[in-house]
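A note on names: the letters A, B, ... follow the listed sequences, proteins ahead of strands, and every chain is numbered from 1. The basis for the numbers below is simple: all heavy atoms, side chains too, and nothing from hydrogens, waters or symmetry mates.
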2 protein chains.
Amino acid sequence: MAGRNLVGPEADALELGVVLRALADEHRRSVMTELAADRTDSERGCNSFALPISKQTQTHHFRVLREAGLITEIDYGNRKGIRLRRTDVESRFPGLLALLEAEHRNSTAPR
Amino acid sequence: MAGRNLVGPEADALELGVVLRALADEHRRSVMTELAADRTDSERGCNSFALPISKQTQTHHFRVLREAGLITEIDYGNRKGIRLRRTDVESRFPGLLALLEAEHRNSTAPR
DNA sequence: CCTCAGGTACGTATTGCATCGTACCTGAGG
DNA sequence: CCTCAGGTACGATGCAATACGTACCTGAGG
């Protein structure tokens with residue numbers, strides 16, 4: 001029941017280059033804009049993002065986001081949880097999540 | 001003497017994906033952090049960035065930045081000027097330049 | 001006109017990255 | 001124990017991006 005926490009780098013070790021490369025991909029960015037827009041920061045399942053890619057590729061993308069320090073993955077063995085590292089990201093790169101949140105509004109409410 | 005202005009997309013047509021892909025590259029990001037940190041927004045020469053790459057590759061990178069809408073290139077024929085589109089970028093992606101400016105401080109004053 | 005420095009155009013090698021196929025692991029529930 | 005869904009590991013592949021060589025253009029200044 002209690003899952004193992006898979007964490008990335010420490011909060012102050014986040015690198016802008018790694019973060020921007022992570023956000024450069026459409027699928028990863030769509031995950032991040034969705035997370036940034038949800039102020040409750042609740043734990044999400046991996047399938048709740050409806051990514052149009054295979055599960056192997058999803059594994060890859062979530063790993064990239066985790067290693068960039070943007071999310072935490074909680075391993076339950078046969079299932080996995082995703083959580084945004086909001087305070088860490090916000091303290092290291094203030095304003096970044098606001099940009100992603102604005103982008104989420106753009107993509108969900110085209111006009 | 002008067003150079004032709006090579007512009008990219010309109011201010012409200014900037015796309016986050018294109019911008020982030022442009023900023024994902026180390027060399028292009030170093031150019032942008034330097035531009036963001038210079039509040040005078042003066043016109044810069046292409047060689048004033050001391051990029052450790054060939055001039056053909058520099059042409060490529062500046063083109064990417066221009067097509068992303070981040071800079072304007074001024075063509076003098078046998079020389080070229082670079083200028084940050086600060087107000088356009090700031091109005092479309094508020095806070096982005098502040099992130100780059102902070103990164104510039106990090107890279108120039110390690111500790 | 002000639003030279004030179006700065007830039008571009010085109011082709012190409014190489015690298016990086018996203019994607020998926022196959023095989024295997026894990027825990028829940030029959 | 002068996003099955004099944006969710007997830008990972010490893011390898012292969014295809015494509016886009018970076019990088020540079022060669023050739024050519026442009027304007028300034030002899």
- line: Its contact letters, B for base, S for sugar-phosphate only and - for none at protein heavy atoms under 4.0 Å, make nucleotides 1-6 of chain C read -----B
task: Round to a whole Å and report the spacing from CG of Leu51(A) to P of dG7(D).
output: 11 Å
query: Do Gln56(B) and dG7(C) have a side chain to base donor-acceptor pair shorter than 3.5 Å?
result: no
- prompt: Whole-Å distance between dA16(D) C1' and Glu26(A) CD?
  reply: 14 Å
query: Quick one: does Arg105(B)'s side chain get under 4.5 Å of Glu101(B)'s, heavy atoms only?
result: yes
message: Rounded to whole Å, how long is the line connecting atom NE2 of His60(B) with atom P of dG21(D)?
response: 16 Å
query: Can you name the one residue among Arg4(B), Arg83(B), Arg66(B), Arg63(B) that meets salt bridge (Lys or Arg N to Asp or Glu O under 4.0 Å) with Glu73(B)?
result: Arg66(B)
message: Measuring to OP1 and OP2 of dG7(C), would you say a side-chain N or O of Arg63(B) lies under 4.0 angstrom away?
response: no
task: For DNA chain D, produce a single dot-bracket line, 5' to 3'. Pairs: Watson-Crick or G-U wobble, both distances under 3.5 Å. Symbols: ( ) within strand, [ ] crossing, | other strand, . unpaired.
output: ||||||||||||||||||||||||||||||
task: Verify the contact: side-chain N or O of His27(A) to OP1 or OP2 of dT19(C), cut-off strictly under 4.0 Å; return yes or no.
output: yes
message: Please report the distance, rounded to the nearest Å, between CG in Leu20(A) and C1' in dC17(C).
response: 17 Å
message: Using a strict threshold of under 4.0 Å (side-chain N to carboxylate O), is an ion pair present between Arg29(B) and Glu103(B)?
response: no
query: If you find the nucleotide of DNA chain C closest to Gly45(B) and the one closest to Arg28(A), which residue's nucleotide is nearer the 5' end?
result: Gly45(B)
- prompt: For the atom pair CG (Asn106(B)) and CG (Leu16(A)), what is the distance rounded to the nearest 0.5 Å?
  reply: 9.0 Å
field: Residue mapping more 5' on DNA chain C - nearest nucleotide basis, Thr57(A) or Gly81(B)
entry: Gly81(B)
message: Does dT8(D) have its OP1 or OP2 closer than 4.0 Å to a side-chain nitrogen or oxygen of Thr59(A)?
response: yes
message: For Glu43(A), I'd like to know if atom CD has over 12 heavy atoms of other residues, nucleotides or ligands within 6.0 Å.
response: yes
Pair Glu10(B) + Arg92(B): basic N to acidic O under 4.0 Å: no
- prompt: Which part of the nucleic acid, if any, lies within contact of Asp75(B), taking any heavy atom under 4.0 Å across all strands shown: a base, the sugar-phosphate backbone alone, or nothing?
  reply: nothing
- request: Give a yes or no on whether Arg44(A) atom CZ has more than 12 heavy-atom contacts from other residues, nucleotides or ligands under 6.0 Å away.
  value: yes
message: Base, sugar-phosphate or nothing for His61(B)? Non-hydrogen atoms, less than 4.0 Å.
response: sugar-phosphate
- request: Send over the distance from Glu67(B) CD to dA17(D) C1', rounded to a whole Å.
  value: 13 Å
- prompt: In whole angstroms, how far is the P atom of dA17(D) from the CG atom of Leu23(B)?
  reply: 15 Å
- prompt: How many angstroms lie between CZ in Arg28(A) and CG in Leu20(B), if you round to the nearest 0.5 Å?
  reply: 11.5 Å
- request: Drop me the distance from Ile74(A)'s CD1 to Leu6(A)'s CG, to the nearest 0.5 angstrom.
  value: 8.5 Å
message: Taking the side chain as everything from C-beta on, heavy atoms only, tell me whether Leu100(A) gets closer than 4.5 Å to Leu23(A).
response: yes
query: Quick one: Ile53(B) CD1 to dG7(C) C1', roughly how many Å, whole number?
result: 14 Å
message: For dA16(D) and Arg21(B) - does any side-chain N or O of the residue sit under 4.0 Å from the phosphate oxygens OP1/OP2?
response: no
task: Measure the distance from CD on Gln58(A) to P on dA9(D) and round it to the nearest whole Å.
output: 15 Å
- prompt: Reckon Ser54(B) has a side-chain N or O less than 4.0 Å from the OP1 or OP2 of dA19(D)?
  reply: no
